[in-house]
Amino acid sequence: ERLTRYREQAQEKIEKLEEVNGWTWGLLETQWQETYEDFVIEAGKKNSTSFAQGFLSKKGYNLGSWLNSQRRRYFAGKLSKDRIDKLERVSGFEWDPNKVAWDYGYSRLVGYIKIHGTADVSSNYVENDGYTLGSWVHVQRSNKSSIEGYRKEKLEKLPGWIWQKI
């Protein structure tokens with residue numbers, strides 16, 4: 001009888017807590033969801049899912065840091081399927097933004113070759129739209145020893161590609 005009365009009292013307390021507006025049992029889940037919603041809003045405003053490490057949203061969430069944390073958890077296999085699905089539904093979201101940036105630079109170089117016939121780009125060359133293709137090419141040349149093999153091969157197959165400018 002004592003145990004039954006204890007359970008009833010506990011259930012009453014639970015019900016009272018759950019009646020409080022904004023009450024949640026899963027604070028971390030609520031915080032993740034709020035940050036995610038803010039990320040979606042901010043990404044829509046700027047038409048990009050890329051945020052600087054210290055970028056704070058209007059609600060005060062550090063979206064750059066939060067995104068890096070989500071990516072680390074994803075690559076470590078510690079991000080839930082539900083969270084993965086939510087992030088992948090956001091237009092433009094990528095798990096590896098460095099790959100996206102490299103692929104974009106490479107595609108711009110291919111476009112340059114179609115016009116100029118060579119991948120020999122001056123390091124200070126800037127495209128008409130402001131893209132600093134020369135800088136991208138310079139970085140690739142500078143990183144020859146650490147660049148991934150498949151990327152090295154792609155660059156070396158381009159007409160006029162040279163690793164070292166004279």
Side-chain angles (χ1 to χ4, degrees), residues 26 28-166:
L28 291 176
E29 180 59 34
T30 300
Q31 186 179 25
W32 190 95
Q33 186 61 36
E34 287 175 357
T35 308
Y36 169 78
E37 289 169 4
D38 210 28
F39 163 63
V40 171
I41 290 167
E42 294 292 337
K45 283 181 189 173
K46 65 183 258 184
N47 199 27
S48 172
T49 60
S50 178
F51 294 90
Q53 183 66 24
F55 178 85
L56 292 178
S57 69
K58 293 207 185 323
K59 292 182 183 176
Y61 295 111
N62 185 333
L63 296 182
S65 178
W66 181 80
L67 281 170
N68 285 340
S69 174
Q70 303 314 302
R71 288 181 174 116
R72 277 192 309 275
R73 293 181 58 76
Y74 171 79
F75 286 116
K78 295 181 178 180
L79 195 63
S80 73
K81 172 95 171 91
D82 178 57
R83 290 180 177 182
I84 291 169
D85 291 345
K86 284 181 177 180
L87 287 166
E88 288 179 346
R89 280 195 296 266
V90 178
S91 177
F93 178 78
E94 293 289 340
W95 290 111
D96 186 354
N98 294 328
K99 180 187 179 310
V100 172
W102 194 91
D103 290 345
Y104 182 72
Y106 180 82
S107 72
R108 295 296 296 254
L109 179 57
V110 169
Y112 177 92
I113 293 167
K114 287 179 182 172
I115 296 168
H116 301 280
T118 183
D120 187 9
V121 180
S122 165
S123 62
N124 61 358
Y125 178 77
V126 178
E127 297 268 52
N128 290 337
D129 63 358
Y131 182 73
T132 54
L133 180 60
S135 177
W136 184 87
V137 168
H138 176 76
V139 168
Q140 305 318 302
R141 289 179 180 140
S142 300
N143 293 334
K144 179 183 180 186
S145 62
S146 62
I147 201 167
E148 293 178 64
Y150 82 95
R151 289 180 177 173
K152 219 182 259 190
E153 288 175 23
K154 285 179 82 166
L155 291 170
E156 289 172 348
K157 289 179 182 175
L158 296 174
W161 177 262
I162 53 173
W163 285 106
Q164 194 165 4
K165 290 285 278 186
I166 299 172

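Everything numeric in this text was worked out from a predicted model, so none of it was measured.
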Can you give me every donor-acceptor pair (side chain of residues 145-158, partner residue at least two apart or in another chain, under 3.5 Å) with its distance?
residue, atom, partner, partner atom, Å
Ser146, OG, Asn143, O, 3.3
Lys152, NZ, Lys144, O, 3.0
Glu156, OE2, Trp163, NE1, 2.8

Trp161 vs Leu109 side-chain heavy atoms within contact, under 4.5 Å: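 In short, these two side chains touch, coming nearer than 4.5 Å.
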With the side chain counted from C-beta on, respond yes when Tyr36 and Gln70 share a heavy-atom pair under 4.5 Å apart, and no when they do not.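 Tyr36 vs Gln70: side chains apart.
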Can you tell me how far the CG atom of Asp85 sits from the CG atom of Leu79, to the nearest 0.5 Å?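 These two atoms lie 9.5 Å from each other.
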From Glu34 atom CD to Ser57 atom OG, the distance as rounded to the nearest 0.5 Å: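 Atom-to-atom, Glu34:CD and Ser57:OG are 10.5 Å apart.
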Test of understanding: with side chain to side chain contact (heavy atoms under 4.5 Å, CB included), list the residues that count as partners of Asp129, not counting sequence neighbours.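 Per chain and number, Asp129 pairs via side chain to side chain contact (heavy atoms under 4.5 Å, CB included) with Arg108, Glu127, Tyr131.
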Who passes side chain to side chain contact (heavy atoms under 4.5 Å, CB included) against Ser69, sequence neighbours left out?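 If we apply the side chain to side chain contact (heavy atoms under 4.5 Å, CB included) test to Ser69, skipping adjacent residues, the hits are Arg72, Arg73.
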Passing candidate, ring-ring contact (aromatic ring centres under 6.0 Å, His included) with Trp66, options Trp32, Tyr61, Phe55: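 For Trp66, the ring-ring contact (aromatic ring centres under 6.0 Å, His included) check succeeds only for Trp32.
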Test: side chain to side chain donor-acceptor pair (under 3.5 Å). Region: residues 89-102. Which pairs qualify, not counting sequence neighbours?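 Residue pairs with at least one partner in residues 89-102: Glu88-Trp95, Lys99-Asp103, Trp102-Gln140.
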Geometric class of the Phe93/Phe39 ring pair [parallel <30°, tilted 30-60°, perpendicular >60°]: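 The arrangement is perpendicular - the two ring planes meet at more than 60°.
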Side-chain polar contacts of residues 112-122 - donor-acceptor pairs under 3.5 angstrom, sequence neighbours left out - could you list them?
residue, atom, partner, partner atom, Å
Thr118, OG1, Asp120, N, 3.1
Asp120, OD1, Lys165, NZ, 2.6
Ser122, OG, Asn124, N, 3.4
Ser122, OG, Asn124, OD1, 2.4

Name the atoms and distances for all side-chain donor-acceptor pairs under 3.5 Å in residues 41-52, with sequence neighbours left out.
residue, atom, partner, partner atom, Å
Lys46, NZ, Ser50, O, 2.4
Ser48, OG, Ser50, N, 3.1
Thr49, OG1, Gly92, O, 3.0

